[in-house]
Amino acid sequence: MSIRVRFAPSPTGHLHIGGARTALFNWLLARQKSGSMILRIEDTDMERSSQEMVEGIVDGLTWLGLHWDEGPFFQSARRRQHLAVVDRLLQEGKAYRDFTKEGSSEDYRSFRDLSPVEREERLDGKKSFAVRFRVPEGKRIEFHDQVYGRVEVETDTLEDFVILRSDGKPTYHLSVVVDDLEMGITHIIRGADHLSNTGKHILLYQALEEPVPNYAHLPLILGPDKKRLSKRHGATSVLEYRRQGILPSALLNYLALLGWSPGTDREVFSVQELIDKFSLDRVNKTNAVFDSHKIQWMNGQHISRMSAEELEPFVREVLEEAGIWNPDWEAAGRQHFLSTIELIKSRVYLLTDFATFGRAYFTEDFEYTEAARKRYLEPSEEERSPLVEGLQELRDAYRTLEPFDLGSTEECLRAIAERKGIKPGLFIGAVRVATTGQVKAPGIFDVLVTLGREQTVKRLDRVIRFLQQ
RNA sequence: GUCCCCAUCGUCUAGCCUGGCCUAGGACACCGCCCUUUCACGGCGGCGACGGGGGUUCAAAUCCCCCUGGGGACGCCA
């Protein structure tokens, strides 16, 4: 029988880091075992518009590539089924009506064994009531959690929990169990915050005389202060990471390593490799602190290892966003576009770096950074004129240099530097700033060749004018 | 407060189940050096942890107990 898992987020309106990790582990298992993942929105108590609140979650999952096989289902839409189960439990005496008035100090336990006559009286009097599950006394519930191992719960530590509110809405505990049952869920993989609720759920399965599914609880993801990750900690929505320029594959990779380890020293994995290697056996029990440094490193790793073609759509999006996308790059200029990506990808951490750090590689509309100006474009008085003259000679030589390649551009530059007595460091530095605007850049001749003769000459022209001011 | 869970470098973790191979391995971050007339990548090295106390044992990061610390759940929220 193939496995069926589900991701059942609360409708917070966006997919947060913790939810994404839960979705990922469910998804990895489903993909690995050729099972199915069901998406179910846990909106039992929410009045907000279903369509809107589901959007953020769907967007997040879609961006990450965590595709579900069935759903999204809305828990709120399954009220009829939930009520039917409440009725059944009531009928079988496994649940009872609690007529306690809101705010009264009355003990709900007094309704536990109300006589049928008293009950009818109350009902006739149209008294509103909630329904509570009758938790058996003095029993021990045991289950095996695939992460936490053997777990025991004494029923005496559990209250008769409410399964139907007095407003007629079923509660979460009732709904999850009914839905997981009716949707044929075989493995429940969720956050460890549900570990202590599991006893109640198992009681419900037993009351319904249904087999208990497999459970695997995942350790929680905490902020740097070891508190549960929340808005206070900054970016918690996966879509914020998208905005920041994080690759879905990098976020998935990072999240997979938060609470799970392959048992080897390898850390960088493709999504397919994660599917192949993932195993619940190797999931940790300890809560993990989310580290934004490491995710950036991970992103840099993924960017460096991806081919220019794979990076192409992502870079395009970033450049469009920055308003420096050139349509020619999907036509005649595509090869040039790809080599440019190849040229700088190893020094990029975030996709957005392509548009900031890498701006000059894509448009001539860029500024010299302050650091670059200070370091290379403010020569001493005696260095100034040789530098300017050298740059002029270089520009003129490059105009006709044939061929314009790695060897020739370097040879030409060095010859001029030597002839004019310009320190190569200063000369190359000035050319680097002229062409890239930055202090840091790939090898200068790689830059010149990739930029091409026309742009190189144009930019040398610009820097000469800059220096002459 | 009650109940439950967890505990290795600052952080993510390997090792723990099946004690000895652990003078505890890797990664991020940080600091050096190499490569590069820049920077990044890469390479080399450094800093840095078994929370504390008791047991058990010839031997404990590994097994047991207590303490401490952290987290979670106790709701007519999910």
Side-chain angles (χ1 to χ4, degrees), chain A residues 8-12 41-46 75 98 100 102-103 108 128-132 145 147-149 151-154 156-159 161-173 175-176 190-200 217 219-222 224-228 254-268 281-282 284-298 300-301 303-305 344-349 353 357 371-372 375-376 414 417 423-429 431-433 436 438-444 447:
Chain A
S10 302
T12 52
I41 308 296
E42 229 84 309
D43 61 343
T44 311
D45 189 43
M46 308 301 288
Q75 199 153 58
D98 168 8
T100 312
E102 219 182 314
Y108 66 80
S128 71
F129 60 86
V131 176
R132 285 181 187 272
D145 186 279
V147 171
Y148 286 88
V151 181
E152 298 180 6
V153 185
E154 299 295 336
D156 291 349
T157 65
L158 264 25
E159 292 210 310
F161 53 95
V162 172
I163 56 177
L164 184 72
R165 285 187 272 269
S166 50
D167 64 3
K169 287 179 183 159
T171 63
Y172 163 77
H173 296 306
S175 307
V176 239
R190 46 148 58 155
D193 46 341
H194 287 295
L195 192 56
S196 33
N197 285 330
T198 307
K200 294 175 189 168
H217 286 88
L220 269 17
I221 298 176
L222 312 175
D225 56 357
K226 303 252 186 172
K227 299 285 184 220
R228 237 170 132 168
Y254 176 73
L255 251 21
L257 260 26
L258 220 50
W260 172 81
S261 145
T264 64
D265 286 345
R266 258 193 80 187
E267 305 228 43
V268 182
D281 303 340
R282 296 200 60 88
N284 289 312
K285 298 188 184 79
T286 49
N287 293 168
V289 173
F290 189 84
D291 179 8
S292 49
H293 276 293
K294 191 155 183 175
I295 193 179
Q296 291 202 14
W297 167 81
M298 186 65 85
Q301 290 292 317
I303 289 175
S304 299
R305 292 167 196 228
I344 60 176
K345 71 178 193 188
S346 78
R347 56 213 85 206
V348 161
Y349 280 94
D353 291 341
F357 161 80
R375 191 153 153 199
Y376 293 109
R414 287 191 189 285
K423 278 184 280 186
L426 184 73
F427 201 29
I428 290 178
V431 175
R432 182 181 311 113
V433 177
T436 71
Q438 305 279 333
V439 139
K440 321 167 177 183
I444 187 62
V447 171

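To find a chain, count down the sequence lines: A is the first, B the second, and so on, and within it residues start at 1. Being a predicted model, the structure only gives us computed values, none of them experimental.
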Trainee: How close do A/Val147 and A/Lys285 get, heavy atom to heavy atom, and via which atoms?
Mentor: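 Closest pair (atom of A/Val147, atom of A/Lys285, distance): O-CE, 3.5 Å.
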
Trainee: Closest to the A/His194 side chain: B/U38, B/C41, B/A78?
Mentor: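 Taking heavy atoms from C-beta onward, the closest nucleotide is B/A78.
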
Trainee: What interatomic distance, in whole Å, is found between P of B/C31 and the corresponding atom of B/G55?
Mentor: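 B/G55 and B/C31 have their P atoms separated by 45 Å.
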
Trainee: Strictly below 4.0 Å: does A/Arg190 bring a side-chain N or O up to OP1 or OP2 of B/A78?
Mentor: no

Trainee: Strictly below 4.0 Å: does A/Tyr172 bring a side-chain N or O up to OP1 or OP2 of B/G75?
Mentor: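 For A/Tyr172, the contact criterion (side-chain N or O under 4.0 Å from OP1 or OP2 of B/G75) is not met.
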
Trainee: Treating primed atoms plus P, OP1 and OP2 as sugar-phosphate and everything else as base, which nucleotides of nucleotides 13-18 of chain B get B, S or - for protein heavy atoms under 4.0 Å?
Mentor: SSS---

Trainee: Nearest-Å distance, CD1 (A/Ile163) to P (B/G75)?
Mentor: 16 Å

Trainee: Which nucleotide in the list B/C3, B/U11, B/A78 gets nearest to the side chain of A/His173?
Mentor: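 Closest nucleotide to the A/His173 side chain: B/A78.
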
Trainee: Both distances under 3.5 Å, Watson-Crick or G-U wobble: report the partner of B/G69, or none.
Mentor: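 Its partner is B/C6 (Watson-Crick or G-U wobble, both distances under 3.5 Å).
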
Trainee: Would you say the side chain of A/Gln438 lies within less than 4.5 Å of the side chain of A/Arg347, judging by non-hydrogen atoms?
Mentor: no

Trainee: Side chains of A/Phe290 and A/Tyr254: does their closest heavy-atom pair fall under 4.5 Å?
Mentor: yes

Trainee: When the distance from CG of A/Asp145 to P of B/C4 is rounded to whole Å, what number comes out?
Mentor: 17 Å

Trainee: Please examine the side chains of A/Pro219 and A/Trp260, heavy atoms only from C-beta on, and report whether any two atoms are closer than 4.5 Å.
Mentor: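 A/Trp260 vs A/Pro219: side chains apart.
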
Trainee: Between A/Lys440 and B/U36, is there a side-chain N or O to OP1/OP2 distance below 4.0 Å?
Mentor: no

Trainee: Can you list the residues that meet the side chain to side chain donor-acceptor pair (under 3.5 Å) rule with A/Asp156, with sequence neighbours excluded?
Mentor: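 None.
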
Trainee: Between A/Tyr349 (OH) and B/C39 (P), how many Å, whole number?
Mentor: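 Spelled out: OH on A/Tyr349 to P on B/C39 is 14 Å.
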
Trainee: Within this structure, what is the CD-to-P distance between A/Gln296 and B/A29, rounded to whole angstrom?
Mentor: 10 Å

Trainee: Between A/Pro262 and A/Leu257, is any pair of side-chain heavy atoms under 4.5 Å apart?
Mentor: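 Side-chain contact under 4.5 Å: yes.
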
Trainee: Reading RNA chain B from 5' onward, which residue's closest nucleotide shows up sooner: A/Gly443 or A/Asp291?
Mentor: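 Nearer the 5' end of the strand: A/Asp291.
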
Trainee: At less than 3.5 Å, do the side-chain atoms of A/Ser304 and the base atoms of B/C41 form a donor-acceptor pair?
Mentor: no

Trainee: So which nucleotide from B/C76, B/A73, B/C28 ends up closest to the side chain of A/Asp193?
Mentor: B/A73

Trainee: On a whole-Å scale, what distance lies between the C1' atoms belonging to B/A78 and B/G72?
Mentor: 15 Å

Trainee: Taking a pair as Watson-Crick or G-U wobble with both distances under 3.5 Å, which nucleotide is matched to B/C17?
Mentor: none

Trainee: Give a yes/no on whether any side-chain N or O of A/Arg132 is located under 4.0 angstrom from OP1 or OP2 of B/C76.
Mentor: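 Yes, A/Arg132 has a side-chain N/O under 4.0 Å of OP1/OP2 on B/C76.
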
Trainee: Could you state the atom-to-atom distance from CG of A/Asp353 to C1' of B/C39 in whole Å?
Mentor: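 So the CG-C1' distance, A/Asp353 to B/C39, works out to 13 Å.
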
Trainee: So which one's nearest nucleotide on RNA chain B is more toward 5', A/Glu159 or A/Val151?
Mentor: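 Comparing both residues, the 5'-ward one is A/Val151.
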
Trainee: Between B/U38, B/A29, B/A78, which nucleotide has the shortest distance from any of its atoms to the side chain of A/Tyr376?
Mentor: B/U38

Trainee: To the nearest Å, how far apart are A/Asp167 CG and B/C76 P?
Mentor: 12 Å

Trainee: With sugar-phosphate meaning primed atoms plus P, OP1 and OP2, does A/Pro9 contact a base, only sugar-phosphate, or nothing at under 4.0 Å between heavy atoms?
Mentor: nothing

Trainee: Could I get the full list of side chain to side chain donor-acceptor pair (under 3.5 Å) partners for A/Arg432, not counting sequence neighbours?
Mentor: none

Trainee: With a 3.5 Å limit on both atom pairs, tell me what B/G75 is paired to, counting Watson-Crick and G-U wobble, or say none.
Mentor: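 Checking every strand shown, B/G75 finds no partner, since no pair has both distances under 3.5 Å.
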
Trainee: Is there a side-chain contact between A/Leu158 and A/Val153, using heavy atoms and a 4.5 Å cut-off?
Mentor: yes

Trainee: Applying the Watson-Crick and G-U wobble criteria at under 3.5 Å, what pairs with B/U62? Answer none if nothing qualifies.
Mentor: none

Trainee: Side-chain N or O of A/Gln301 less than 4.0 angstrom from OP1 or OP2 on B/G42?
Mentor: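 Indeed, a polar side-chain atom of A/Gln301 lies that close.
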
Trainee: With rounding to the closest Å, how many angstrom separate the P atoms on B/G43 and B/G26?
Mentor: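 Result for the P pair: 13 Å, nearest Å.
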
Trainee: Taking atom P in both B/C63 and B/C17, compute the distance separating them and give it to the nearest angstrom.
Mentor: 5 Å

Trainee: Using modelled atom types only, decide if a donor and an acceptor are shared between the side chain of A/Asp145 and the backbone of A/His217 within a distance under 3.5 Å.
Mentor: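 Side chain of A/Asp145 to backbone of A/His217: a pair is present.
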
Trainee: Taking atom P in both B/G51 and B/G46, what distance in whole Å separates the two?
Mentor: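 That atom pair is separated by 24 Å.
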
Trainee: Nearest-Å distance, CH2 (A/Trp297) to C1' (B/U11)?
Mentor: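 For the pair A/Trp297 CH2 and B/U11 C1', the rounded distance is 13 Å.
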
Trainee: Decide yes or no for A/Val162 and A/Asp98: does some side-chain heavy atom of the first lie under 4.5 Å from some side-chain heavy atom of the second?
Mentor: no

Trainee: Side chain of A/Lys294 only, heavy atoms from C-beta on: which candidate in B/C76, B/U11, B/A27 is closest?
Mentor: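 Within the option list, the nearest is B/A27.
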
Trainee: Expressed in whole Å, how much space separates the C1' atoms belonging to B/U62 and B/G15?
Mentor: 8 Å

Trainee: Minimum heavy-atom separation for A/Val439 to A/Tyr376, with atom names?
Mentor: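 Residues A/Val439 and A/Tyr376, closest heavy atoms: CG2-CE1, 4.2 Å.
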
Trainee: In this structure, how many angstroms lie between the P atom of B/A29 and the CD atom of A/Glu267, rounded?
Mentor: 11 Å

Trainee: Please tell me which of the listed nucleotides, B/C5, B/A78, B/A29, lies nearest to the side chain of A/Tyr148?
Mentor: B/C5

Trainee: Does B/G71 have OP1 or OP2 sitting under 4.0 Å from an N or O in the side chain of A/Lys227?
Mentor: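 Indeed, a polar side-chain atom of A/Lys227 lies that close.
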
Trainee: Who does B/G45 pair with, Watson-Crick or G-U, both distances under 3.5 Å?
Mentor: B/C31

Trainee: Taking only the P atom of each, what is the distance from B/A24 to B/A60 in whole angstrom?
Mentor: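 B/A24 and B/A60 have their P atoms separated by 16 Å.
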
Trainee: Could you tell me how far B/C22 sits from B/U13 if I compare only their C1' atoms? Round to whole Å.
Mentor: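 That atom pair is separated by 16 Å.
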
Trainee: Scan A/Ile428 against the nucleic acid and name what it touches under 4.0 Å (heavy atoms): base, sugar-phosphate only, or nothing.
Mentor: base

Trainee: Is there a donor and acceptor pair closer than 3.5 Å between the side chain of A/Arg347 and the base of B/C39?
Mentor: yes

